Amino acid sequence: MKPSIRKEVIHQLESLLAEYCDGCFVHRQLKKDGGRRQAHRFCISQCTVGGKIKEFGKKLE
């Protein structure tokens with residue numbers, strides 16, 4: 001992958017995280033109720049933003 005494309009994907013990922021994930025109420029509440037592991041599992045498997053993050057990860061491979 002070209003460095004410029006990789007840089008653009010990382011920039012898009014960072015903006016997605018900043019817009020939706022920072023201060024996420026659902027993540028914060030799940031972390032409080034069930035622990036960090038449960039909250040992380042929700043983000044990866046059920047959250048729509050988590051799905052987009054996975055797609056960015058596949059582009060970076």
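By convention here, the first residue in the shown sequence is residue 1. Here the structure is a predicted model, which means the values were calculated and not measured.
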| Should H27 and C43 count as side-chain neighbours, where that means a heavy-atom distance under 4.5 Å? | yes
| Interatomic spacing from SG in C47 to NZ in K54 - rounded to 0.5 Å | 10.5 Å
| said: More than 12 heavy atoms of other residues, nucleotides or ligands under 6.0 Å from OH of Y20: yes or no? | reply: no
| query | Any link between V49 and F56 through a network of hydrophobic side chains (Ile, Leu, Val, Met, Phe, Trp, Tyr) touching at under 4.5 Å? | reply | yes
| query | Any chain of hydrophobic side-chain contacts (each under 4.5 Å) joining L13 to I44? | reply | no
| field | Distance, nearest 0.5 Å, that separates CD of E8 from NZ of K59 | value | 9.5 Å
| query | Taking atom CD1 of I10 and atom CG of L60, what is their separation to the nearest 0.5 Å? | reply | 5.5 Å
| task | Hey, could you give me the NZ/NZ distance between K7 and K2, rounded to the nearest 0.5 Å? | result | 15.0 Å
| field | Partner of K32 under side-chain contact (heavy atoms from CB on, under 4.5 Å), chosen from Q29, R36, R28 | value | Q29
| Honestly curious: do L16 and I5 fall in one hydrophobic cluster under the side-chain, below-4.5 Å linking rule? | yes
| Gap separating the NZ atom of K31 from the SG atom of C24, nearest 0.5 angstrom | 11.5 Å
